Amino acid sequence: MACLGYNVKLFKATGFPSESRIHPTRRTNSIRCAVTSATKRYNITLLPGDGIGPEIMNIAKDVLSLAGSQEGIEFQFKEMPVGGVALDLTGVPLPEETLSIAKQSDAILLGAIGGYKWDSNEKHLKPETGLLQLRAGLEVFANLRPASVLPQLVDSSTLKREVAEGVDLMVVRELTGGIYFGKPRGFGTNEKGEEIGFNTEVYATYEIDRIARVGFETARKRRGKLCSVDKANVLEASMLWRKRVTAIASEYPDVELSHMYVDNAAMQLIRDPKQFDTIVTNNIFGDILSDEASMITGSIGMLPSASLSDSGPGLFEPIHGSAPDIAGQDKANPLAMVLSAAMLLRYGLGEENAAKKIENAVLETLNRGYRTGDTLSDGKKLVGCKEMGEEVLRSVDSERSIAVQICKLQFPAGLSPPGNAQALHFLLVKVMLQENVSGCFHCRKNRG
Ligand code: IPM
Ligand code: MG
């Protein structure tokens, strides 16, 4: 199961899928591929949602399947409705069946929700309500939102090159508490008879403690710096936040903790973003600051996220919305969605090699000059969503063809492997691993 306990282990590089998920494949000859000797199977719930959701989900699904197959992983996908599409189909934004299927799966991949059509719906009939119910239902309280400026996209940043270059930060956002869920909330009238709307920012100690620990664990695996963002000069909920984060810090003497008010943090993020390593913050500040951080990287269309619970499957989604203005026009950037699939592999399933494969493929595609409109700069090739997806697949596949070439060099097509094949094979696998090529596809074919 994808969960934080698991994930924390994963940070320590000890995470492997449980034995029950490993099904040895048939071996029909004497050659055994050290890397792809077992097939692992995972059930993934796909929630494409609204707007550009289905377009980008199609691509992520194909990329996941291809990268998975190269690592001996098989996925069983089940597509379910959430958001506006669920409202139209069932009258509610999160059908019970969607939540129950999601809970039973190994991980959940979500596209985006929302659209003009449902904007003026009552709150309980808004697509966004479905997303919040999903996060609450899965108890995914820890939302990891990485924002790194890729060298390939530094010119797409709205900040000067010298400010943006090298930014690599992680926002750890509390996701199931605070003002998003606090009670009392609602509409009413004040003493003057005027209509009012009200919400409550509320945090209990256990909610702060558990997200603080995720923040510290995350920082520990990065550059060892954690900045806790709050509004403790004004809000009681933030005063408790600061007190608890400070208390938890004693468990992590190796992590350097600082505190910052959210208004200052918003300013510092565009003044000198490189000062940040890991930021831990509440639900609403995390929502706002992660959008701000995304623009430093060039485009919100590049940022993935992972939402994790203590026990249970994780939810993986791009941080951008459903972009109804460009939906169905083949203009969306699918890379945040594809990178969310990589996060699913890493944080949800512990499949680091397959995750890296996808991330490398995205970088390789950008290196080859392909850009969607949101990240286009001089001299780059403008492509649509679909073509970008095809290029990412091509990049994933190019690792495979390197492996096949190396193998064919030693075992020309049609010839049986020689007597010392096994020793040679292991040597080849070693070379391939050094070359960051993770599987022996030729041998897999031979194994039948
Ligand atoms: C996000 C989004 C959501 C949020 C909306 C769609 C409810 O902005 O994931 O950042 O506010 O959390
Ligand atoms: Mg947001």
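First listed ligand is number 1; within each ligand, the first listed atom is number 1. Along the sequence shown, residues carry numbers from 1. Keep in mind that this is a model prediction, so the values were computed, not measured.
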* Look at atom 11 (O) of ligand 1 and say which protein heavy atom is nearest, naming residue and atom and giving the distance to 0.1 Å. => Tyr180 OH, 2.6 Å
* Asked: With under 30° as parallel and over 60° as perpendicular, where do the rings of Phe216 and Tyr252 fit, or are they tilted in between?
  -> parallel
* Side chains of Glu194 and Asn190: donor-acceptor distance under 3.5 Å anywhere? -> yes
* **Total protein N, O or S atoms, the Mg ion (ligand 2), separation less than 2.8 Å** => 1
* Check ion pair Lys356-Glu359 (N to O, under 4.0 angstrom) -> no
* **Short N or O distance, Arg135 and ligand 1, threshold 3.5 Å exclusive** => yes
* Asked: What protein heavy atom is closest to atom 8 (O) of ligand 1, reported as residue, atom name and distance in Å?
  -> Asp287 OD1, 3.2 Å
* Asked: Only one of Glu387, Met388, Lys331 forms a side-chain contact (heavy atoms from CB on, under 4.5 Å) with Thr372, so which one is it?
  -> Met388
* **Arg173, portion touching ligand 1 at heavy-atom distance under 4.0 Å** => side chain
* With no hydrogens and no angle check, do the side chains of Thr375 and Ser299 hold a donor and an acceptor under 3.5 Å apart? -> no
* **Atom pair CG (Leu131) and NZ (Lys126), whose distance is rounded to the nearest 0.5 Å** => 13.5 Å
* Heavy atom of Arg145, distance to ligand 1 below 4.0 Å -> yes
* Is Arg210 close enough and on-axis enough to Phe141, meaning under 6.0 Å and within 45°, for cation-pi? -> yes
* Asked: If you measure only the distance, is there a donor-acceptor pair under 3.5 Å linking the side chains of Ser395 and Arg368?
  -> yes
